[in-house]
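Here's the structure we're looking at; comments come further down.
In what follows, chains are A, B, ... by sequence order, proteins preceding strands, each numbered from 1.
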Amino acid sequence: MNKLLLGRYVPGDSWVHHLDPRTKLLASFYYIGIIFLANNWQTYLLMFIVTLFIIYLSKINISFFLRGVRPLIWLILFTVTLQILFSRGGTVYFHWGWFWLTEYGLINGAYIFMRFVLIIFMSTLLTLTTQPLSLADAVESLLKPLKLLHFPVVELALVLQIALRFVPTLMDQTTKIMNAQRARGVDFGTGNIFQQMKAVVPLLIPLFVSSFTTAEDLATAMESRGYQGGDNRTKFRVLKYHNSDIIAGVFMVALTVALVLLKN
Amino acid sequence: MDNAISVSHLNYHYADSDRLALNDINFDVAAGEWVAIIGHNGSGKSTLAKNLNGLLAPDSGTVEVAGMTLSEDTVWDIRSKIGIVFQNPDNQFVGATVADDIAFGLENRGVPRPEMVERVKDALARVKMTDFADREPARLSGGQKQRVAIAGIIAQQPEIIILDESTSMLDPAGRQEVLATINQLRDELGLTVLSITHDIEEAAGAHRIILLNDGQIKEVGTPEEIFAHGSELLELGLDVPYAAKLKEALSERGVKLPDGYLNEERLVDYLWTLHSTM
Amino acid sequence: MDITFDHVDFTYQAGTPFAGDGIKDVSVTIHDGSYTAIIGHTGSGKSTLLQHLNALLKPTAGSVTIGDFTITKETSNKNLKPLRQKVGMVFQFAENQLFEQTVARDIAFGPKNFGVSDADAQDLAKRMVKLVGLPEDVLDKSPFDLSGGQMRRVAIAGVLAMQPEVLVLDEPTAGLDPAGRHEMMAMFERLHREQGLTIVLVTHQMDDVADYADHVLVMEQGHLIKTGSPREIFADPAWLQEKQLGLPTTTQMAQDLVNKGFSFNPMPLTEQELADQLVPQLGGASHE
């Protein structure tokens, strides 16, 4: 659990790390959008070169990215297999009932595989180089226009920030309660599904109780420190675009142009 | 001298109980004074603190803080004059990092960012946590977290700081850190300190002690006056200061010592005079 | 039941918040029937050491022998129940472990996990509630309706109900008021004396070490740096001050008196001992 939640961000000092989180968030989404423009080997080659170059810039070991692919590998293979077996066109290598093995099928399968890998690489890069807190800031900043529609953006951001801040505290508490119950003879993670569900009760209830206590204490502390909600708050954390963010933007536009020129 | 806090005929009871948690409480705290409120768990100490900044609303009686009478209109102004450091270091840490947490109160009051940055920097320096500005709370000790809580209060430039059992969950090193920080800030900023505690050592440093028992003020006096009660303090759920225990052990052995309370230093001095007349 | 550590190392996985707080090359025996105190700073490895006493953690090198059980890196997580029953653990802020609808059921939870029948467990609950000094009518109450101090006692009753041979206490009085603290320490002392329970106490309170323990382990940065009786450990105030571990109040006071020309042999640990040694050193003036 620790690895899943905390191990994602890899502290670093690279050009990618220093980009504004909003730039990174928007660029990642944009990248996932334009990847669908790629439809021949030239465009995919370009995307791969670009992606590997950005990974190189992040100074993070490629193995982190390969590890990002691993949990999804079955889903990818499943999709790729379907694509291969059900799309038709070009030379037919094999045919049995509904299943066709064709030239187009194989090529499409390969493209889909690459698309998956590229998307996973890029989103992994986002989480590896951006602290969850910065991402929360970015989301808040990007959602700001929704304030006009009376959507509670600021409150949402504060909730998100507090939730992130309490993840390690809650995990610590979970470990402690698990230890206490194990010492009282509970076996976590053994037995059939019913036994396992039963074993979770002595963990969940104390966890709920202590979360409520924490929430109550926190609310008291926030109130006595003058928290009233509303729009009159100022912000300590501010996001600021730099030259590198402009460069990243220009780069994305250039990539789009190149893709459009190279695609079929 | 002006009173920083002035409480008269304060009554309070919790909705789920008929018993008065605070029963006709009257006391004043002068500006710059350090007052300890002691009493066993459940004696009403923390309830009193929450009545002082309007977290709880009194049934009757008045609370005056920094010249303002506590009411719905003044409560937010009063909260900017009183900072409370609570017991659990984790449950009052709002920010994702040390600097963020210190800024929280300033954000709430709409302090412009350039000023906020200055005040956070100053507060960090005062509690000697400058090097930790970007640390996450999970990587701080209990004592450090409480120092951050203190910094968050100092940044708001209050007149009064309430320690609501702020040291009770800390190890001895953490306790020393927090008390040293408070002492230093009292000197530097002339803060009024109200410390709610059952740590007899913490109380011994105060100018005056208010002894609470079952929601009532049992006695108000200097530490010497309060500690002179010796083992009676045990019955009130409190510790007996060590010097008083030793004095009792000596008098059981026929050694006569002067009446009244001697702190450890004075007891050592007195014993030395007996020793040297041998 | 002796507990023996033989060259025990424990390293936490890199990257976890605890990394660095492990223990290194710890060899020590906690004897059956002893009252052992473990002292050291936060992060000195005390809680890591503690979790080896009932195999919540297994050594990454070396072995821990607990009665008939030997725990090494290879030990399977199965079949540890009989061991956990023998070593009861009261963690810091033990009230956080309560979860049942009634006090009785929460106390009975541990014994039932170890195969005690429902009726016997209920019976145990009744006895334990008395043992920890709570009135019998709390049995049917929800533990969450009790005061913090009472909840702590219920949690301790829940551990005692397992009828362990060794009771491990991690800062059992943290956050209690002085009266609660004295009562609780007196209760453990009684259990130790009357029922022969082996007690392992982790504490920052040197006064408790002086008053109750017969053996002390001093931890620093994962190493066991000193063991001995309280008298041996506190005989060297300079060493303790250098390690910033503090002294029992009596010993501190005696130290101040030594600086004024008094002398003590041995160094007193309690105010009664101090008074005994002081009287002959005070001149006739005191008896006027």
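- Other residues, nucleotides and ligands contribute at most 12 non-hydrogen atoms within 6.0 Å of the NZ atom of K126(C).
- By the neighbour-count criterion of 12 heavy atoms within 6.0 Å, atom CZ of F212(A) is sparsely surrounded, having that number or fewer from other residues, nucleotides or ligands.
- Counting non-hydrogen atoms of other residues, nucleotides and ligands closer than 6.0 Å to CD1 of I193(A) gives a total of 12 or fewer.
- Heavy atoms from other residues, nucleotides or ligands lying under 6.0 Å from CG of D68(C) number 12 at most.
- To the nearest 0.5 Å, atoms CG (D170(C)) and NZ (K176(A)) are separated by 9.0 Å.
- The main-chain N or O of R84(C) is never found under 3.5 Å from a side-chain atom of R184(A) such that the two would form a donor-acceptor pair.
- The environment of Q228(A) atom CD is dense: over 12 non-hydrogen atoms of other residues, nucleotides or ligands sit within 6.0 angstrom.
- The 12-atom threshold is not exceeded at OH of Y56(A), counting heavy atoms of other residues, nucleotides or ligands nearer than 6.0 Å.
- In this structure, no portion of N77(C) lies under 4.5 Å from any heavy atom of chain A.
- Between F109(C) and P202(A) the shortest heavy-atom distance is CZ-CG, 3.6 Å.
- Applying the 6.0 Å contact sphere to CD of Q221(C) captures no more than 12 heavy atoms from other residues, nucleotides or ligands.
- With a 4.5 Å cut-off on non-hydrogen atoms, E100(C) does not touch chain A at all.
- The two residues F99(C) and I205(A) come nearest to each other via the heavy atoms O-CG2, 3.6 Å.
- When the shell of 6.0 Å around CZ of F113(A) is examined, it contains 12 or fewer heavy atoms from other residues, nucleotides or ligands.
- Contacts between F93(C) and chain A at a heavy-atom distance below 4.5 Å are absent for every atom of the residue.
- Panel note: side chain Q97(C), backbone Q181(A); no donor-acceptor pair is recorded below 3.5 Å.
- Contact of L56(C) with chain A is made through backbone and side chain together, with heavy-atom distances under 4.5 Å.
- Heavy atoms closer than 4.5 Å to chain A are found in both the backbone and the side chain of N96(C).
- The shortest heavy-atom contact between A183(A) and M89(C) is CB-CB, 3.9 Å.
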